[in-house]
Structures are given as C-alpha cells and as structure tokens.
Amino acid sequence: MTDLSPSSKALVPFVSVHNMMQLIHHIGIEPMLVGLGDYIEADFRRWELFDKTPRVASHSENGVIELMPTSDGEVYGFKYVNGHPSNTVDGLQTVTAFGLLANVANGYPVLLSEMTMLTALRTAATSAIVARLLAPKGAHVMAMIGNGAQSEFQTLAMKAIVGIDEVRLYDIDRAATAKCAENLAGHGIKVVACETAEDAILGAQIVTTCTADKQYATILTDNMVGAGIHINAIGGDCPGKTELAPAILHRAGIFVEYPEQTRIEGEIQQLAPDHPVTEIWQVLTGQATGRTDDKQITLFDSVGFAIEDFSALRYVRDQIAGTGFFDPLDLLADPEDPRDLFGMLQRAG
C-alpha cells in the first residue's frame, strides 16, 4: 500500500494566531518587544545587503492591499497586508496580515505565519528603537494620539525599550481611550486619559500619532509642537493620508525608513521631492547624525518597511525552534521523483 502521508520536505512550520498569542505569553510581551527591536536593529545595520523596493500596493476607495518583499541574499521574505480604516464599523480589523520566509538557495518556504499580531508588535518595536535614538535624553512621558489597535503595543514598547513611565492618551472616540487605559492597567505605567490632543501633549517628550482615516488630516497643528520633542508619526501610511501640518515638517529633522516609499506614503508626501531626510539605518551605523541638540524637533516619518517584517519573521522562526508553538502545514507537493508530479496525483486517487 502506498504511503500518501506528507514527507518532512512537504511540511512548513505554520504559526497561527493562537500559536502566536501563546508564544507572546511564553516569552512575555515586553521581552518580545525588546527581542524584536534587537532583530530589527541588527537588520537595519546590514541594510545595504537587502533587496529594497517600495511595497506593491493596490488602492481602492475603501483601503489598500499591499505586498512587501525583501531578501538578504540567503533568506527571502514577504508580507501580505491590508489597511481598511472603515472595517471597524463592521467589526473587522483595520489591518490584517500574514507572511512567509523562504530559502533563497532552493526556493522552499521555511516559515508561514500570521502577521496581524506580529505587525502590531514589530511596528511598536521599530518606533521604540528609533525613539531611543532620537528622543531627548531622559524622556519618560509619551503622548499617544489615537488609541486604536496599535496604541497599547506602542506604549509598552516605549516602556520596555525607551524607559517611559507615563502615557497620556487621547482619541476622538472616548471609548477607544477607555479601552486603552483598561488594557494598560497593571503594566507598571502611569496612564492619563486626556480630553484634547493639546492636553495629551503637555509634558510629553515623545508624541506618537496613530490615526486611521484615509485622508489628509491635521492631527498636530504647528502651534501644538514645542521645541525639543520627538514625534513618532505612524498613522500616515498611504498616498493622500497624513497627520501633521506641513509647517511642523519644515521645523523638524526628518528621519525615514526608505525614502522612495516614504515620499509616496508618508508625511513628507506634503513636501518637495528633494526635501532633505535622513535614513534610520545611516544613524544606526554612524554614517549620519541623529538628534543634534536639546531644542531640535525630531520626526520619525514611519510608514513601515519590508525589512522590519523580515526581521520579525526571522525572530519568530528562531523562537519557535524546539517548541510546540507552530503546526506542521502540508504546503508543498513532494513526489518521490521530482519530475513525476502527475504520478503523485494519480497515486493519491
């Protein structure tokens, strides 16, 4: 009798949402944010090894669906991700994602993973490693403008990696602020719910904006932003969607992941195509200067880049080794004779 069970070559480790949540609880959310930050920073330091291209985006009036590929020459990775701001009206996530790593030498996948949860973690970890570089020394208060699905992750990453001990919350939806405050209770950080964005910014050295509307918006006006703060702008992530008044951009030192993508999708889409920006990898490797003085406004115009997802998948691949936090997925056809795929099909019948 022919054995039709899949061979080891056919099986790819698959990390489901359930397994990802179990892995996070096993490691601990703050240690995992720190670990992800370490992997992201390590890959940014070898930035020049990677294939780099702006993500492939399919836009509609409702949102965007994107593919984000990259490779370091040995491992290939991509992420599928969507952004549909009105999804929450129907009880759906604004952002969902999954991703894959593959062996460049033979093209075989080595990991398939959910990335809805993982994207939230890697976005927060990236924000925090950049804030550690650019925020004023001794920064310990953060304003979180927009208290949706990303807000708790951002806050805990800033706590674990930067050392903030207070977060000031604001959202036009008070229920979102209440949700965020409740979720952060017991995590060792002072939480202050604020009535206005201006109130939230008072005393904050780090200001994170993360709002969802797909439009040119002004979440921060010029007069709201004083000297010496670090702005972490993560809500503007597609053409026609921004959060900051243009005047703020002209006052700030601007730092980005990949200019070719950020000029299309980020806050700097509001500026001239040749407006000077600094790439984060250059600061990490000492090829460029970060914050220059205590009064400088620094801005991380973050839209997310494929290398961050590659780093996150690489981290997960390493963490699940020898654990039960994955399922072997029968993903690849593996006939005994690689040239006889049809014969494999016939024997299955």
Side-chain angles (χ1 to χ4, degrees), residues 21 24 29-30 33 63 83-96 116-117 119-121 123-128 131 135 139-221 223-226 229-237 241-245 248 267 299-300 302 304:
M21 292 191 296
I24 294 166
I29 187 166
E30 290 188 34
L33 285 162
H84 286 67
S86 63
N87 270 7
T88 53
V89 175
D90 299 318
L92 302 175
Q93 289 284 299
T94 298
V95 175
T96 66
T116 307
M117 193 72 66
T119 293
L121 288 161
T123 301
T126 302
S127 293
H140 67 95
V141 179
M142 168 192 180
M144 185 72 231
I145 312 297
N147 302 156
Q150 179 65 205
S151 57
E152 298 93 342
F153 295 95
Q154 287 284 324
T155 301
L156 292 178
M158 292 293 181
K159 174 179 180 283
I161 295 173
V162 181
I164 70 158
D165 56 22
E166 178 180 332
V167 62
R168 300 176 63 82
L169 305 176
Y170 172 71
D171 195 295
I172 59 172
D173 180 359
R174 292 188 178 186
T177 299
K179 176 271 305 180
C180 184
E182 182 179 355
N183 285 341
L184 290 173
H187 282 278
I189 188 165
K190 181 181 178 182
V191 179
V192 180
C194 300
E195 295 294 320
T196 66
E198 291 87 346
D199 184 29
I201 292 170
L202 288 176
Q205 297 90 31
I206 299 171
V207 178
T208 294
T209 57
C210 186
T211 57
D213 284 346
K214 189 178 180 181
Q215 62 179 349
Y216 289 110
T218 305
I219 307 304
L220 296 184
T221 58
N223 65 334
M224 292 168 64
V225 177
I229 70 168
H230 173 64
I231 302 171
N232 177 43
I234 61 175
D237 57 3
K241 182 183 177 194
T242 61
E243 297 180 311
L244 307 185
I248 298 172
E267 296 296 327
L299 165 64
F300 180 35
S302 176

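Counting begins at 1 with the first residue of the sequence.
- The backbone N or O of Gly148 sits less than 3.5 Å from a side-chain atom of Ser151, completing a donor-acceptor pair.
- Taking every heavy atom of both residues into account, Thr209 and Ala233 meet most closely at OG1-CA, 3.4 Å.
- The minimum heavy-atom distance between Ser127 and Phe300, with the atom names listed, is CA-CE2, 4.3 Å.
- The backbone N or O of Leu92 sits nowhere less than 3.5 Å from a side-chain atom of Asp90 that would complete a donor-acceptor pair.
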Exercise. Under the side-chain contact (heavy atoms from CB on, under 4.5 Å) rule, what do Val95 and Gln93 come out as? Steps first, then yes or no, please.
Key: CA-CA 5 Å; Val95 175; Gln93 289 284 299; 5.9 Å; no
Practice problem: Could you check Leu169 against Val192 for side-chain contact (heavy atoms from CB on, under 4.5 Å), going step by step and ending with a plain yes or no? | Solution: CA-CA 6 Å; Leu169 305 176; Val192 180; over 6 Å; no
Quiz item: Do Ile24 and Met117 pass the side-chain contact (heavy atoms from CB on, under 4.5 Å) test, and can you show the C-alpha distance, the side-chain angles, and the key distance before you say yes or no?
Solution: CA-CA 10 Å; Ile24 294 166; Met117 193 72 66; 3.6 Å; yes
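- The CG atom of Leu244 sits 10.0 Å away from atom CE of Met224, with the distance rounded to the nearest 0.5 Å.
- Rounding to the nearest 0.5 Å places CD1 of Ile145 at 12.5 Å from CD of Gln154.
- What you find for Gly146 and Thr211 is that their closest heavy atoms are CA-CG2, 4.3 Å.
- Atom CG of Leu121 and atom OG1 of Thr116 lie 11.0 Å apart (nearest 0.5 Å).
- Contact detail for Ala128 and Val162: the closest heavy-atom pair is O-CG2, 3.4 Å.
- With values rounded to the nearest 0.5 angstrom, Thr119 atom OG1 is found 9.0 Å from Gln150 atom CD.
- Judged purely by atom type and a 3.5 angstrom limit, Glu243 has no side-chain atom pairing as donor or acceptor with the backbone of Ile219.
- Side-chain atoms of Asp165 do not come within 3.5 Å of backbone N or O of Ile189 as any donor-acceptor pair.
- Note: Leu299 CG to Ile248 CD1 = 8.5 Å, rounded to the nearest 0.5 Å.
- Here the shortest heavy-atom pairing between Lys179 and Ala149 reads NZ-N, 4.2 Å.
- Counting only heavy atoms from C-beta outward, the side chains of Glu195 and Arg174 approach each other to under 4.5 Å.
- Here the CG-CD distance, from Leu33 to Glu30, works out to 7.5 Å after rounding to the nearest 0.5 Å.
- Ion pairing of Arg168 with Asp199 is present here, as a side-chain N (NZ or NE/NH1/NH2) and a carboxylate O approach within less than 4.0 Å.
- No donor-acceptor distance shorter than 3.5 angstrom exists from the side chain of Gln205 to the backbone of Met142, with no hydrogens or angles considered.
- Scanning all heavy atoms of the two residues, the minimum distance from Ala245 to Thr221 falls at CB-CA, 4.1 Å.
- In this model, no donor atom of one side chain and acceptor atom of the other lie less than 3.5 Å apart for Asn147 and Glu152.
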Quiz item: Can you list the steps and then say if Val141 with Ile206 is a side-chain contact (heavy atoms from CB on, under 4.5 Å)?
Solution: CA-CA 7 Å; Val141 179; Ile206 299 171; over 6 Å; no
